[in-house]
Amino acid sequence: MANVELKNLTKKYGDVVAVQNMDLSIPHNEFLVLVGPSGCGKSTTLRMIAGLEEITSGEIYIGDQLVNEKDPKDRNVSMVFQNYALYPHMTVKENLGFSLRIAKVDKKEIEQRVKEAVQILGLDELQKRKPSQLSGGQRQRVAMGRAIVRNPKVFLFDEPLSNLDAKLRGQVRIEIKKLQRSMNVTSVFVTHDQVEAMTLGDRLAVINNGIIEQIGTPIEVYETPKTLFVAEFIGTPKMNFINGKIKNQKFVAGKTEVSSNHLPDNDKAILGFRPEDLIVDNNGKFLLNVEIIEKLGADSLIYGTDQNQNLLCLRVNGNTKINVNEKINLSVSEDKYHFFDATNNIRLN
C-alpha cells in the first residue's frame with residue numbers, strides 16, 4: 001500500500017510563496033491530477049514529492065513513512081518528465097535497464113523487468129533503436145517504460161504529453177490510463193491541460209497561486225465549482241459570466257433578471273453558466289447578437305454580446321442554422337446557474 005500524504009506543505013523562493021500550507025491525501029491506487037495554470041505551483045509540488053525540490057516546511061509521507069529527509073533514490077517513486085530524458089547513445093533496451101544497472105540489480109532480474117515493460121508498452125520491435133530513431137510518442141513510451149522497470153510505489157508524471165501533437169497526446173493519454181490501472185500504482189499527474197485532467201484523473205486538485213482551491217472527481221469539479229477561478233479554468237470553452245447583484249431572490253444585471261432562490265441579498269454577485277447549457281429559446285431572457293461562429297464539425301461555437309454588452313458563448317449542434325448578425329433569444333435551466341460572490345469569489349449556491 002502506498003498512499004501519499006502532504007501535510008501543511010510549503011515552498012518559498014525568497015519572498016515568493018510557490019506552495020502554501022498544502023494538505024493533500026492521495027489513497028493507494030488513485031490517479032490524482034494536479035491541474036492549474038503555469039506558475040501555480042503544481043510542478044513544484046510534484047518535485048517535492050519526488051525529493052527533487054527541498055521543502056520549506058511541512059511533511060511528506062509515502063506509505064506510512066516520513067520522507068522529508070530521504071534522497072530521491074530512496075523514496076521508491078518513478079518520475080516521467082516532459083522532455084523524455086533519454087540517453088541518446090543508448091538503445092531503447094539499454095535506456096530501460098540503465099537505472100537498474102546503476103542500482104546493481106541482478107542481470108536476470110533486469111532482463112525480466114525490461115521484458116515486462118516492453119510487453120506492457122508494445123516496444124518489442126523498437127528495442128534496438130536509439131532515441132533519435134523514434135517518434136515523440138515512442139520516446140514517451142520508453143520514458144514510461146523506464147519508470148515501470150523500477151516497480152515504484154508511486155508514479156509521478158510532470159506534463160509528459162506537452163511535447164506531443166494532438167493526435168499523439170490522445171493516444172498516449174489512453175496508454176497512461178491503461179498502464180496505471182493494470183499496475184495498480186498510486187499516480188500523480190501534473191498538467192495545465194484540462195482535457196488531460198478531466199479524462200485521466202480519478203480526482204482533480206485544482207491549484208491557483210500555490211493553494212488548492214478544490215479537490216473532487218472531474219464531474220464534481222465541472223458541475224459544482226467551489227470558486228470563480230475553478231469555474232473559469234475548468235471547461236472549454238470557459239463558463240460565461242455576468243456581473244450583477246442579488247436582491248429579493250432575483251439576480252439583476254441591467255435589463256436581465258433571473259431567479260436566485262434561497263440566496264441572500266448580495267450587491268456584488270456573479271452569475272455563471274456554461275456554453276453547452278444555453279438553449280435557443282424564443283422566450284429566453286438572454287438576447288444574443290451573434291458576432292462570430294466557429295464551426296467545429298459536430299459542434300459550433302456561437303460568440304456574441306447580450307443586451308447588457310456581456311460577451312457570451314453558446315455551444316450548439318453543428319447543423320444548427322444560425323447566422324452572423326442574427327439576434328437570438330437564449331435560456332438556461334435554473335439548475336445550471338452558478339452564483340459567486342464577486343468579493344471573495346466563493347460559490348453561493
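Just so it is clear, the values below take in all heavy atoms, side chains as well, and ignore hydrogens, waters and symmetry mates. Predicted model only: the values in this text are computed from it and were never measured. Positions are given from 1, in the same order as the sequence printed here.
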Item checked: Test item: Asn95 side-chain N/O and Tyr87 main-chain N/O as donor-acceptor pair under 3.5 Å -> yes
Notebook entry, point to check: At their closest point, which heavy atom of Gly41 faces which heavy atom of Val19, and how far apart are they?
Noted result: O-CG2, 3.6 Å
Item checked: Stepwise side-chain hydrogen bond (donor to acceptor under 3.5 Å, both in side chains) check, Arg347 with Thr224 -> CA-CA 9 Å; Arg347 184 182 184 88; Thr224 315; 5.1 Å; no
Notebook entry, point to check: Lys42 side chain to Gly36 main-chain N or O, any donor-acceptor pair under 3.5 Å?
Noted result: yes
Check: Distance only, no hydrogens: is a donor on one side chain within 3.5 Å (strictly under) of an acceptor on the other, for Asn345 and Thr227?
Finding: no
Next item on the list: Tell me who clusters with Leu228, hydrophobic residues only, linked when side chains sit under 4.5 Å apart either directly or through other members.
Entry: Met239, Phe241, Ile270, Phe340
Notebook entry, point to check: What heavy-atom pair brings Leu24 and Leu34 nearest, and what distance separates the two atoms?
Noted result: CD2-CD2, 4.1 Å
Item checked: Residues Thr236 and Gln194: side-chain donor-acceptor under 3.5 angstrom -> yes
Check: Between the main-chain N or O of Ala253 and the side-chain N or O of Asn308, is there a donor-acceptor pair closer than 3.5 Å?
Finding: yes
Next item on the list: Step by step, work out the side chain to side chain contact (heavy atoms under 4.5 Å, CB included) result for Ile62 and Gln65.
Entry: CA-CA 5 Å; Ile62 296 177; Gln65 195 170 44; 5.8 Å; no
Margin query: Are Leu6 and Leu204 connected into the same hydrophobic cluster when the rule is that any two of I, L, V, M, F, W, Y join if their side-chain heavy atoms are below 4.5 Å apart?
Written below: no
Item checked: side-chain hydrogen bond (donor to acceptor under 3.5 Å, both in side chains) pairs, two or more places apart, involving residues 117-128 -> Asp124-Gln127
Item checked: Donor + acceptor pair across side chains of Glu116, Gln112 (<3.5 Å) -> yes
Next item on the list: For residues Asn282 and Asn329, determine if any side-chain heavy atom of one lies less than 4.5 Å from a side-chain heavy atom of the other.
Entry: no
Check: If only atom types and distance count, is the side chain of Asp306 paired as donor or acceptor with the main-chain N or O of Gln309 below 3.5 Å?
Finding: yes
Next item on the list: Give a yes-or-no answer on whether the side chains of Ser333 and Asp335 include a donor-acceptor pair shorter than 3.5 Å.
Entry: yes
Note to self: Just checking Phe273 against Phe339, ring centres under 6.0 Å apart?
What the structure shows: no
Next item on the list: Mind jotting down which residue pairs meet the side-chain hydrogen bond (donor to acceptor under 3.5 Å, both in side chains) criterion with at least one end in residues 258-268? Sequence neighbours excluded, please.
Entry: Ser259-Asn261, Asn266-Asp341
Item checked: Note, Ser43 side chain near Gln82 side chain (heavy atom, < 4.5 Å) -> no
Check: Does some side-chain heavy atom of Leu123 sit less than 4.5 Å from a side-chain heavy atom of Arg141?
Finding: yes
Notebook entry, point to check: Is there side-chain contact between Glu175 and Met144, with at least one heavy-atom pair below 4.5 Å?
Noted result: yes
Check: Charged N to carboxylate O below 4.0 Å: is that the case for Lys285 and Glu257?
Finding: no
Item checked: Heavy-atom neighbours of Asn344 CG exceed 12 at 6.0 Å -> yes
Item checked: Under 3.5 Å donor-acceptor, Asn8 side chain and Glu59 backbone -> no
Notebook entry, point to check: Should Ile211 and Val35 be counted in the same cluster of Ile, Leu, Val, Met, Phe, Trp and Tyr side chains packed under 4.5 Å apart?
Noted result: no
Enumerate, atom names and distances included, each donor-acceptor pair closer than 3.5 Å involving a side-chain atom of residues 145-152, sequence neighbours excluded.
| residue | atom | partner | partner atom | Å |
| --- | --- | --- | --- | --- |
| Arg146 | NH1 | Ala85 | O | 2.7 |
| Arg146 | NH2 | Tyr84 | O | 3.0 |
| Arg146 | NH2 | Ala85 | O | 2.9 |
| Arg150 | NH1 | Val77 | O | 3.2 |

Note to self: Using the rule given for side chain to side chain contact (heavy atoms under 4.5 Å, CB included), can you reason through Met79 versus Asp158, listing the C-alpha separation, both sets of side-chain angles and the distance that settles it, and then say yes or no?
What the structure shows: CA-CA 7 Å; Met79 194 160 179; Asp158 190 8; 3.9 Å; yes
Check: So, Asn240 side chain and Cys313 main chain: donor-acceptor pair closer than 3.5 Å or not?
Finding: yes
Check: Taking 4.0 angstrom as the limit, do Lys93 and Glu111 come out as a salt bridge?
Finding: yes
Next item on the list: Write down the atom of Ile242, the atom of Phe251, and the distance for their closest heavy-atom approach.
Entry: O-CZ, 3.3 Å
Notebook entry, point to check: Do His192 and Pro37 come close enough that some side-chain heavy atom pair is under 4.5 Å?
Noted result: no
Notebook entry, point to check: Considering residues, nucleotides and ligands other than Lys247, do more than 12 of their heavy atoms fall under 6.0 Å from its NZ?
Noted result: no
Check: Are side-chain N/O atoms of Thr186 and Asn29 paired as donor and acceptor at under 3.5 Å?
Finding: no
Note to self: Under a 3.5 Å distance rule, please check whether Gln133 uses its side chain to pair with a backbone N or O of Lys130 as donor and acceptor.
What the structure shows: yes
Check: Yes or no on side chain to side chain contact (heavy atoms under 4.5 Å, CB included) for Ile26 and Val188, after CA distance, side-chain angles and deciding distance?
Finding: CA-CA 9 Å; Ile26 309 169; Val188 186; 3.7 Å; yes
Note to self: Between Asp193 and Glu196 (side chain of the first, backbone of the second, donor and acceptor by atom type, cut-off under 3.5 Å), is there such a pair?
What the structure shows: yes
Checklist line | Closest approach of Ala197 to Pro218 (non-hydrogen atoms, all atoms of both residues) | finding: O-CG, 4.5 Å
Next item on the list: Decide side chain to side chain contact (heavy atoms under 4.5 Å, CB included) for Val142 and Leu134; before the verdict, give the C-alpha distance in whole Å, the side-chain angles of both, and the deciding distance to 0.1 Å.
Entry: CA-CA 10 Å; Val142 175; Leu134 304 176; 3.9 Å; yes
Check: Judged by atom type as modelled, is there a donor-acceptor pair below 3.5 Å linking the side chain of Asp165 to the main-chain atoms of Lys167?
Finding: yes
Next item on the list: Provide the closest heavy-atom pair for Ile293 versus Ile322 in the form atom of the first, atom of the second, distance.
Entry: CD1-O, 3.1 Å
Item checked: Asn289, CG atom: more than 12 neighbouring heavy atoms under 6.0 Å -> yes
Next item on the list: Drop me the distance from Asp106's CG to Leu100's CG, to the nearest 0.5 angstrom.
Entry: 11.0 Å
Margin query: How close do Pro131 and Pro88 get, counting heavy atoms only, and between which atoms?
Written below: CD-O, 3.7 Å
Checklist line | Lys11 side chain vs Glu54 backbone, donor-acceptor pair below 3.5 Å | finding: yes
Note to self: With side-chain hydrogen bond (donor to acceptor under 3.5 Å, both in side chains) as the criterion, how do Thr10 and Gln20 come out once you've worked through the C-alpha distance, each side chain's angles and the decisive distance to 0.1 Å?
What the structure shows: CA-CA 5 Å; Thr10 297; Gln20 184 174 344; over 6 Å; no
Next item on the list: Rounded to the nearest 0.5 Å, what's the gap from NZ on Lys7 to CG on Asn68? Could you check?
Entry: 11.0 Å
Next item on the list: Measure from NZ or CZ of Lys238 to the centre of the six-membered ring of Phe233 and say whether it is under 6.0 Å with the direction within 45° of the ring axis.
Entry: no
Item checked: Pair Thr191-Glu159, side-chain donor/acceptor within less than 3.5 Å -> no
Item checked: Hydrophobic cluster partners of Val252 (side-chain heavy atoms under 4.5 Å) -> none
Check: Strictly by modelled atom types, are Gln307 and Thr256 linked by a side-chain donor-acceptor pair under 3.5 Å?
Finding: yes
Notebook entry, point to check: Quick one: do the Glu213 and Asn208 side chains pair a donor with an acceptor below 3.5 Å?
Noted result: yes
Extract all donor-acceptor atom pairs below 3.5 Å that involve side chains of residues 295-305 and protein atoms in other chains or at least two apart in sequence.
| residue | atom | partner | partner atom | Å |
| --- | --- | --- | --- | --- |
| Asp299 | OD2 | Arg315 | NH1 | 3.3 |
| Thr305 | OG1 | Glu291 | OE2 | 3.2 |

Item checked: Lys177, Lys178, Met183 screened by side chain to side chain contact (heavy atoms under 4.5 Å, CB included) with Arg181, the one that passes -> Lys177
Notebook entry, point to check: Out of curiosity, does Leu32 fall in the hydrophobic cluster containing Ile60 (side-chain heavy atoms, cut-off under 4.5 Å, transitive links)?
Noted result: yes
